[in-house]
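For reference, the structure is listed below as structure tokens.
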Protein chains: 2
Amino acid sequence: MTRRVTSGTPEPRPALTRDRVVRAAVDLIERDGTRALSMRAVAAELGVAVMSLYNHVPNKAALLEGVAEHVVAGMDLTGDPAEHWTDRARALARAFRKTAHDYPRCMTIVLTHKVDGTVGLRMAESAFAIAHDAGFDAPTAVRITRALMAYTLGAQLRDAGMAEVLDRHPDGLFAARELDPTRFPNVLAAGDELARSDPEGDFEFGLDLLLGAVDALPRQVT
Amino acid sequence: MTRRVTSGTPEPRPALTRDRVVRAAVDLIERDGTRALSMRAVAAELGVAVMSLYNHVPNKAALLEGVAEHVVAGMDLTGDPAEHWTDRARALARAFRKTAHDYPRCMTIVLTHKVDGTVGLRMAESAFAIAHDAGFDAPTAVRITRALMAYTLGAQLRDAGMAEVLDRHPDGLFAARELDPTRFPNVLAAGDELARSDPEGDFEFGLDLLLGAVDALPRQVT
DNA sequence: GGGCGGTTACGTACGATGTACGTCCGGCGT
DNA sequence: ACGCCGGACGTACATCGTACGTAACCGCCC
């Protein structure tokens with residue numbers, strides 16, 4: 001069926017590679033959703049037999065892990081050390097948000113599978129460097145980094161869930177449901193204010209609060 | 001094989017119910033992990049044929065949804081309105097953390113499947129009531145609520161990932177890996193400080209920062 | 001009491017999925 | 001020249017979710 005590569009005849013098949021497998025998985029996830037990711041689908045995407053994938057990826061879990069790593073590896077974490085540290089932290093968070101915007105479906109993989117490992121290490125390194133340059137001692141810098149990451153991760157998780165729900169019920173969130181006014185007086189009072197969707201604004205609001213509070217913390221005695 | 005309930009013979013089978021199905025799923029998840037949850041396993045847990053479950057649950061996704069709802073429904077969200085609003089918010093966040101501690105594996109289901117819907121509504125209602133009582137106008141209260149929920153969710157997500165990684169590599173996080181000192185100078189400098197695991201302390205640290213910052217915000221003109 | 005319709009438990013069966021295993025082939029070292 | 005080894009492939013199987021048809025049981029009306 002499929003011919004092999006021979007020296008004389010240039011083949012359009014560019015040799016299977018772990019990177020190509022991962023990349024195909026990323027494309028497939030972004031196009032058809034995570035639910036549609038199967039080894040067979042990835043193989044079809046590459047025009048390859050299913051079992052050939054296992055020469056480059058031990059199993060599906062590892063493939064997911066590879067997807068997560070690939071996505072975070074694409075983040076631009078470089079910042080200007082001359083800027084105020086809060087601006088550097090903001091830039092870091094926004095870099096995360098940018099790739100979350102570029103790879104929305106893969107990002108949920110990242111959130112659920114790989115808060116740890118080499119993935120988190122890249123972000124942790126950058127964040128920790130910033131906190132350290134800001135003058136905090138190591139224990140405080142660790143806590144600061146963790147708080148900022150928690151907030152950033154959580155905001156992303158919320159936005160992802162919100163987006164998923166929005167395209168499942170294109171009309172407002174509360175149009176379909178009947179809310180018991182005695183159990184939910186405040187959300188009903190808030191009304192369409194809760195339905196308003198401004199993920200970036202919401203994110204920046206909380207980020208400003210958090211960064212402001214951190215910046216007001218006492219520094220290490222030097 | 002299995003006899004039916006007849007009026008004369010009292011059977012130990014207490015009638016299949018959606019609630020019993022969901023409860024069995026919760027137990028199974030907490031005992032054997034989310035990976036082990038299958039319709040067949042749930043049926044076996046209840047001593048029931050597989051297809052009988054579908055009389056009470058339309059499909060597996062709905063069962064997961066039921067699990068999430070069950071877990072959040074068990075949260076004690078009652079607070080003392082007389083307390084300072086920041087303490088009420090703290091109590092709310094701690095209530096979430098408590099059920100996260102009681103149902104660690106189910107909580108990841110909640111995080112990934114149900115940030116929205118009735119689940120979130122209960123927390124949103126309580127949180128929004130607190131923010132409203134604190135004197136903020138509706139738009140600000142919404143943003144405050146979202147920021148606090150983002151932080152809480154993110155912290156929980158991080159802790160879950162951390163816990164999972166810790167029991168996969170019982171020895172330290174960095175013992176196994178070789179870290180490139182040129183790429184990760186700061187995390188290496190931090191050393192075992194990063195390996196320290198104090199989820200509650202970390203969580204309270206960030207929560208205090210966030211709540212303090214929010215409390216310093218200007219209130220609605222009344 | 002005796003059908004009887006609706007509800008619920010059940011068994012069978014099918015398509016899809018992850019992957020273990022054996023085979024085969026092309027290029028490279030000797 | 002020849003063996004060998006890594007990678008591509010096909011087959012096969014266990015397991016999954018669930019569509020469908022069947023049968024047992026309930027309460028009800030005559």
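Owing to the predicted nature of the structure, the values given are computational and were not obtained by experimental measurement. Sequence lines set the chain letters: A, B, ... in the order given, protein chains first and strands last, and positions in each chain run from 1.
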Can you list, by residue number, the residues of residues 22-29 of chain B that have a non-hydrogen atom closer than 4.0 angstrom to DNA chain C?
none
Atom pair distance, as rounded to whole Å: CZ in A/Arg40 and P in D/dC16:
16 Å
For B/Leu111 and A/Leu157, the nearest pair of non-hydrogen atoms, with its separation, is O-CD2, 3.8 Å
Terminal axes of the helix from C/dG1-D/dC30 to C/dT30-D/dA1 (5 end pairs apiece), angle rounded to 10 degrees, sit apart by 20°
Please answer whether the main-chain N or O of B/Ala15 pairs with a side-chain N or O of B/Arg20 as donor and acceptor at a distance below 3.5 Å.
yes
Should we say atom CZ of A/Arg35 is surrounded by more than 12 heavy atoms from elsewhere, each under 6.0 Å from it?
no
Candidates B/Asp27, B/Thr34, B/Val26, B/Leu64 - the one meeting side-chain contact (heavy atoms from CB on, under 4.5 Å) with B/Cys106:
B/Val26
note: B/Leu46, atom CG; C/dA9, atom P; distance rounded to Å ~ 11 Å
Measuring from the side chain of B/Lys60 (C-beta onward, heavy atoms only), which nucleotide among D/dC9, D/dG17, C/dT17 has the closest atom?
D/dG17
Just by distance, do the side chain of A/Glu30 and the backbone of A/Arg105 share a donor-acceptor pair under 3.5 Å?
yes
Ranking B/Thr17 and A/Leu37 by the position along DNA chain C of their nearest nucleotide, the one closer to 5' is B/Thr17
Separation of D/dG10 C1' from A/Met39 CE (nearest whole Å)
16 Å
Could you check B/Arg90 against B/Asp208 for side-chain contact (heavy atoms from CB on, under 4.5 Å), going step by step and ending with a plain yes or no?
CA-CA 9 Å; B/Arg90 244 180 287 261; B/Asp208 286 346; 2.3 Å; yes
Rounded interatomic separation in angstrom, taking CG from B/Leu16 and P from D/dC25
17 Å
Spacing of A/His56 atom NE2 relative to D/dG6 atom C1', expressed in whole Å
10 Å
Whole-Å distance, B/Asn55 CG to D/dT18 C1', equals 13 Å
Establish, with yes or no, whether the OP1 or OP2 oxygen of D/dG17 is under 4.0 angstrom from a side-chain nitrogen or oxygen of B/Asn59.
no
Tell me the interatomic distance from B/Met51, atom CE, to D/dA19, atom P, rounded to whole angstroms.
7 Å
Could you check how far OH of B/Tyr54 sits from P of D/dA19, rounded to whole Å?
7 Å
Does the side chain of A/Ser52 get closer than 4.0 angstrom to OP1 or OP2 of D/dG7 through an N or O atom?
no
Identify whether NZ of Lys or CZ of Arg in A/Arg146 sits under 6.0 Å from the centre of the six-membered ring of B/Phe205 and within 45° of that ring's axis.
no
Atom CZ of residue position A/Phe96 - does it have more than 12 heavy atoms of other residues, nucleotides or ligands inside 6.0 Å?
yes
Evaluate the criterion side-chain contact (heavy atoms from CB on, under 4.5 Å) for residue pair B/Met39 and B/Tyr54; output intermediate values, then yes/no.
CA-CA 9 Å; B/Met39 300 306 259; B/Tyr54 284 87; 3.5 Å; yes
